[in-house]
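Working notes for the structure below.
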Amino acid sequence: MININGNIVDSDKAVIAINNRGYTYGDALFETIRVDSGKVLFWEDHYFRLMSSMRILRMQIPMKFTPEFLEKEIINLITENNLINSSVRVKLIVNRVSGGLYTPSSNEIDYCISVARLNTSFYQISEEEYTVSLFKDHYVAADLLSTLKSNNKLINILGGIFAVDNGFDNCLLMNSNKMIIEALNGNVFLVKGNTIKTPPLSDGCLKGILRTQLLRAISKLPDYEVEEGSISPFELQKADELFITNVIVGIQPIRKFRKKEFEMNTSRRLLGVLNAQIRLGN
């Protein structure tokens, strides 16, 4: 079952128009949300990121788009799919309504919500080898639009194909200044000594929800220093640890980059902090 503009329909009957602007021009935003046993994780951060992104793209925000309304829409759809007691991946897409060419004829929006079951409850650390490489065929612009979770993800797609073709688990993307900004599916953190570093939004990385959560959590841990700063490719091999974050997986340690193998002690500790925070209420 899928929610299209508030109407819940069977998945095999859910269709979009050929002139849907998200399809024809990538004129759309999306949120990927994790829900565990009916609890929407980090909902406030998701909601305000979506509203901010819609304003940046000059979309007209419907009056009914309150946090309470959208959360209810999500929970209702999960219930309709008999997943209320499960861990669920939710995708909420907002696109400008059809009409116009590059210039839209209206700034009003349509929305769609879909759900899929996840295999694990709460976050778990992966002990398996996880190898990454740099993707250097294309670069991300270091600007405000790159920080949005939009439908324009060609670089991520091509990076994913490169990773599969070359036997890597993931790729790290760089901006036009040749600085590391993120992985294909999440933000990147580097650990060196007691310093935990992640690229700043000004470098063009996604304004990730779990990135925001971890920056808050790390700032409260007295034995770590947190830094938002540009990361050059040369810093990667000097790091003690590297890890990727997103709201579905949580923390994914990188075990190998080129010939360098990394620890995962900090990753384990931060994952424990994150899960404790979720249990107490995010």
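Being a predicted model, the structure only gives us computed values, none of them experimental.
Cluster membership for I113 and V94, using ILVMFWY side-chain heavy atoms within less than 4.5 angstrom, is shared. No chain of hydrophobic side-chain contacts below 4.5 Å, direct or via other Ile, Leu, Val, Met, Phe, Trp or Tyr residues, connects L172 to I161. At a threshold of 4.5 Å between side-chain heavy atoms, the hydrophobic network of Ile, Leu, Val, Met, Phe, Trp and Tyr places F69 and V35 in one connected group. There is no path of hydrophobic side-chain contacts, each under 4.5 Å, that joins L144 to L173. Connection of F257 to I180 is established within a shared hydrophobic cluster, with ILVMFWY side chains joined at heavy-atom distances below 4.5 Å, either directly or through further cluster members.
Of all the heavy atoms in S98 and R21, the pair that sits closest is CA-CG, 4.0 Å. The shortest heavy-atom contact between N107 and R96 is OD1-NH1, 2.9 Å. The minimum heavy-atom distance linking Y23 with I18 is given by the pair CD2-O, 3.4 Å. Across P222 and K220, no two heavy atoms sit closer than the pair CD-O, 3.5 Å. In this structure, V249 and Y123 approach most closely via the heavy-atom pair O-CD2, 3.3 Å. For the residue pair N95 and A28, the shortest heavy atom distance occurs at CB-CB, 3.7 Å.
For F162, the ring pair (Phe, Tyr, Trp, His ring centres under 6.0 Å) partners at least two apart in sequence or on another chain are F135. Judged as a side-chain contact (heavy atoms from CB on, under 4.5 Å), and not counting sequence neighbours, the contacts of K91 are F30, I93, S114.
Rounding to the nearest 0.5 Å places OH of Y130 at 12.5 Å from CZ of F168. Rounding to the nearest 0.5 Å places CD1 of I155 at 10.5 Å from CG of L184. Going from atom OG of S37 over to atom CD1 of I84 covers 8.0 Å, rounded to the nearest 0.5 Å. Going from atom CG of L77 over to atom CD1 of I75 covers 9.5 Å, rounded to the nearest 0.5 Å. Atom CD of Q252 sits about 12.0 Å away from atom CG of L242, to the nearest 0.5 Å. Rounding to the nearest 0.5 angstrom, the gap separating the OG1 atom in T66 from the CE atom in M51 is 9.0 Å.
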### Message
The test is side-chain contact (heavy atoms from CB on, under 4.5 Å); show your working for I74 and I33 and say whether it passes.
### Response
CA-CA 10 Å; I74 290 169; I33 303 160; 4.0 Å; yes
### Message
Checking V247 against F42 for the side-chain contact (heavy atoms from CB on, under 4.5 Å) test, could you report, in this order, the C-alpha distance in whole Å, the side-chain angles of both residues, the deciding distance, and whether it holds?
### Response
CA-CA 9 Å; V247 296; F42 319 125; 4.1 Å; yes
### Candidate pair E228 and R211, rule salt bridge (Lys or Arg N to Asp or Glu O under 4.0 Å), full reasoning
CA-CA 11 Å; E228 292 184 70; R211 175 186 185 275; 2.6 Å; yes
### Query
So T147 and L206, side-chain contact (heavy atoms from CB on, under 4.5 Å) or not? Walk me through it.
CA-CA 4 Å; T147 70; L206 178 70; 5.9 Å; no
### Criterion side-chain contact (heavy atoms from CB on, under 4.5 Å) on N246 and L210, from CA distance to verdict
CA-CA 6 Å; N246 66 54; L210 209 67; 5.8 Å; no
#### Entry: Step-by-step side-chain hydrogen bond (donor to acceptor under 3.5 Å, both in side chains) determination, S86 to R117
CA-CA 7 Å; S86 303; R117 187 193 301 270; 2.8 Å; yes
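Atom CZ of F65 has more than 12 neighbouring heavy atoms from other residues, nucleotides or ligands inside a 6.0 Å radius. The environment of E128 atom CD is sparse: at most 12 non-hydrogen atoms of other residues, nucleotides or ligands sit within 6.0 angstrom. In this structure, K260 places its NZ atom where more than 12 heavy-atom neighbours from other residues, nucleotides or ligands lie under 6.0 Å away.
Side-chain contact between F243 and L270 is present, with at least one heavy-atom pair separated by less than 4.5 Å. Side-chain atoms of F189 and I251, non-hydrogen and from C-beta on, never get closer than 4.5 Å to each other. Counting heavy atoms from C-beta outward, I248 and T32 have side chains that approach closer than 4.5 Å. A 4.5 Å side-chain heavy-atom check between L190 and K192 finds at least one atom pair inside the cut-off. In this structure, the side chains of R34 and V88 stay at 4.5 Å or more apart for every pair of heavy atoms. Two residues are said to be in side-chain contact when any heavy atoms from C-beta on lie closer than 4.5 Å; K197 and E235 meet this criterion. With contacts defined as side-chain heavy-atom distances shorter than 4.5 Å, the pair I231/M179 does not qualify. Side-chain contact between L29 and L57: present, with at least one pair of heavy atoms (C-beta onward) separated by less than 4.5 Å.
Applying salt bridge (charged side-chain N to carboxylate O under 4.0 Å, His left out) to E31 and the options K207, K149, R49, R89 leaves one that passes, R49. Each of S146, S176, S230 was compared with D203 under the side-chain hydrogen bond (donor to acceptor under 3.5 Å, both in side chains) criterion, and only S230 meets it.
Donor-acceptor pairing under 3.5 Å is recorded for the side chains of D36 and S87. One side chain, N185 or N170, offers a donor N or O that lies under 3.5 Å from an acceptor on the other. With 3.5 Å as the limit, one finds no donor-acceptor pair spanning the side chains of E241 and N265.
Under the 3.5 Å distance criterion, the side-chain polar atoms of N175 are left unmatched by any main-chain donor or acceptor of V140.
A salt bridge between E263 and R255 is absent, with no side-chain N of the basic residue lying under 4.0 Å from a carboxylate O of the acidic one. For the pair R58 and D27, the salt-bridge criterion is not met [side-chain N within less than 4.0 Å of a carboxylate O].
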Can I get a per-line list of side-chain donor-acceptor pairs under 3.5 Å for residues 2-15, giving both atom names and the distance, sequence neighbours left out?
| unit_1 | atom_1 | unit_2 | atom_2 | d |
| --- | --- | --- | --- | --- |
| N3 | OD1 | G6 | N | 2.7 |
| N3 | ND2 | E73 | OE1 | 3.0 |
| N5 | OD1 | Y111 | N | 2.8 |
| N5 | ND2 | D110 | OD1 | 3.3 |
| S11 | OG | M1 | N | 3.1 |

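Annotation: cation-pi geometry not satisfied between K256 and F262 (NZ/CZ under 6.0 angstrom from ring centroid, within 45° of ring axis).
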